[in-house]
Colleague: 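Before anything else, here's the structure in question.
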Amino acid sequence: MSSEDAPPKVIEWPHAPVHKLASSGTYFVTVSTYLKRHHFRSSDRLAVLHRGLLSVAKKYGWQLEAWAVFSNHYHFVGHSPKCDENAASLSAMTMELHSKTAIWVNGLDNSPERQVWHNYRETLLTYPKSYMGRLNYTHTNPVKHGLVGNAVMYPFCSAAWFERTATTVHKKIIKAMKTDTLKVYDSFEPVWDGDGGE
């Protein structure tokens, strides 16, 4: 086969990642607002986005084990629905969340045509250390971003839920997992007013 007959190489641009959802399983997902803008900086707005994420995950059958919601992005670790052969519902789930929250926040800001959301990145987690490391990373992400000193004090993440529901052994294992070597796209620098007002 000549080079002219060879299929073109697919380039995975960082701003528009190719979604590989052919397998069911556990995924680490990162979602960004357009241009990393802080549309959800107040507690009131974060609460709506937080509830929305948990609601759509339940609706689409995704079991979330860790999540963290911020002014300009969010992360979660979740299992795709057990009855599905793939994870294609992730696209529909995020599309519904983004459509509803964009309409809502644009209504608040009187900006009906504004693009709120950009895209998402997903990683299928197939190794136990990678999975547990990302659980720890997601639970403690508000600390990494300097929003709180202890993640359980940030109301829009799973840290407090994890503290309440996990066994002592499970907590010890997850908290011991190193996160500094994980390859995670997370250059967002979120802000939080923390007062409920915009």
Colleague: Just do the side-chain contact (heavy atoms from CB on, under 4.5 Å) check on H79 and Y27 with the steps written out, would you?
Modeller: CA-CA 6 Å; H79 306 290; Y27 284 81; over 6 Å; no
Colleague: Supply the atom-to-atom distance T33 OG1 to H38 NE2, rounded to the nearest 0.5 angstrom.
Modeller: 7.5 Å
Colleague: Test of understanding: clusters of I, L, V, M, F, W, Y form through side-chain heavy atoms closer than 4.5 Å, transitively. Do M95 and L97 belong to the same one?
Modeller: no
Colleague: If the threshold is 4.0 Å, N to carboxylate O, is there a salt bridge linking D193 and R45?
Modeller: no
Colleague: Report yes if some heavy atom in the side chain of I103 is under 4.5 Å from a heavy atom in the side chain of S99; otherwise report no.
Modeller: yes
Colleague: How far apart are the C-alpha atoms of V105 and L49, what are their side-chain angles, what is the distance that settles it, and do they pass the side-chain contact (heavy atoms from CB on, under 4.5 Å) test?
Modeller: CA-CA 10 Å; V105 79; L49 180 57; over 6 Å; no
Colleague: Assert yes or no for the condition that the ring centre distance of Y74 to H50 is strictly below 6.0 Å.
Modeller: no
Colleague: Please answer: with hydrophobic residues joined when any side-chain heavy atoms are less than 4.5 Å apart, are I174 and V169 in the same cluster?
Modeller: yes
Colleague: State which residues pass salt bridge (Lys or Arg N to Asp or Glu O under 4.0 Å) with K175; sequence neighbours excluded, sorted by chain then number.
Modeller: E163
Colleague: Near K171 NZ, under 6.0 Å, is it more than 12 heavy atoms from other residues, nucleotides or ligands?
Modeller: yes
Colleague: Is there a donor-acceptor contact under 3.5 Å from the side chain of D109 to the main chain of S111?
Modeller: no
Colleague: Identify the two heavy atoms, one from V143 and one from N150, that lie closest to each other, and give their separation to 0.1 Å.
Modeller: CG2-C, 3.9 Å
Colleague: So with a 6.0 Å cut-off around NZ of K36, is the heavy-atom count from everything else above 12?
Modeller: yes
Colleague: Quick one: closest heavy-atom pair of G25 and L124, and the distance?
Modeller: CA-CD1, 4.1 Å
Colleague: At what distance, to the nearest 0.5 angstrom, does CE of M93 lie from OG of S55?
Modeller: 11.5 Å
Colleague: Any side-chain heavy atom of K59 within less than 4.5 Å of one from E96?
Modeller: yes
Colleague: Run the side-chain contact (heavy atoms from CB on, under 4.5 Å) test on F188 and T30 for me, step by step, so that the C-alpha distance in whole Å, both residues' side-chain angles and the decisive distance to 0.1 Å come before the verdict.
Modeller: CA-CA 11 Å; F188 293 102; T30 299; 3.9 Å; yes
Colleague: Return yes if a side-chain donor-acceptor contact under 3.5 Å exists between W62 and S89, otherwise no.
Modeller: yes
Colleague: To the nearest 0.5 angstrom, please state how far the OG1 atom of T179 sits from the CG atom of L135.
Modeller: 12.0 Å
Colleague: Below 4.5 Å, heavy atoms only, C-beta onward: do T101 and V116 meet side chain to side chain?
Modeller: no
Colleague: Using the rule that Ile, Leu, Val, Met, Phe, Trp and Tyr join whenever any side-chain heavy atoms are under 4.5 Å apart, tell me whether L147 and V48 fall into a single cluster.
Modeller: yes
Colleague: Please determine whether side-chain contact (heavy atoms from CB on, under 4.5 Å) holds for the pair Y34 and H39, giving the CA-CA distance in whole Å, both sets of side-chain angles, and the decisive distance to 0.1 Å.
Modeller: CA-CA 10 Å; Y34 182 63; H39 300 301; 5.7 Å; no
Colleague: Is there side-chain contact between V31 and H73, with heavy atoms separated by less than 4.5 Å?
Modeller: no
Colleague: Would you tell me whether H75 and N141 have side-chain atoms, one donor and one acceptor, within less than 3.5 Å of each other?
Modeller: yes
Colleague: Rounded to the nearest 0.5 Å, what separation is found between the CG atom of N72 and the NE2 atom of H118?
Modeller: 12.5 Å
Colleague: What's the shortest heavy-atom distance between F156 and W67, and which atoms?
Modeller: O-CD1, 4.3 Å
Colleague: Answer yes or no: does atom NZ of K144 have more than 12 heavy-atom neighbours from other residues, nucleotides or ligands under 6.0 Å?
Modeller: yes
Colleague: Are the side chains of C157 and H139 in touch, meaning some heavy atoms are under 4.5 Å apart?
Modeller: no
Colleague: Mind checking whether H98 and W117 have parallel, tilted or perpendicular rings, split at 30° and 60°?
Modeller: parallel
Colleague: Could you tell me whether the side chains of Y131 and T126 share a donor-acceptor contact shorter than 3.5 Å?
Modeller: no
Colleague: Quick check for you: to the nearest 0.5 Å, what is the distance between M177 atom CE and R134 atom CZ?
Modeller: 10.5 Å
Colleague: Going by heavy atoms in the side chains, are S91 and Y120 under 4.5 Å from each other?
Modeller: yes
Colleague: What's the separation between atom OG in S71 and atom CD in E189, rounded to the nearest 0.5 Å?
Modeller: 10.5 Å
Colleague: Between H170 and F162, how do the two ring planes meet: parallel, tilted or perpendicular, split at 30° and 60°?
Modeller: perpendicular
Colleague: Taking the side chain as C-beta and beyond, is there a heavy-atom pair between F76 and T138 under 4.5 Å?
Modeller: no
Colleague: Taking the side chain as every heavy atom from C-beta outward, state whether I173 and M132 have any pair of such atoms under 4.5 Å apart.
Modeller: yes
Colleague: Can V191 be reached from V148 by stepping across I, L, V, M, F, W or Y side chains whose heavy atoms are under 4.5 Å apart?
Modeller: no
Colleague: Given W192, which partner from the list F70, F40, Y154 fulfils the ring pair (Phe, Tyr, Trp, His ring centres under 6.0 Å) test?
Modeller: Y154
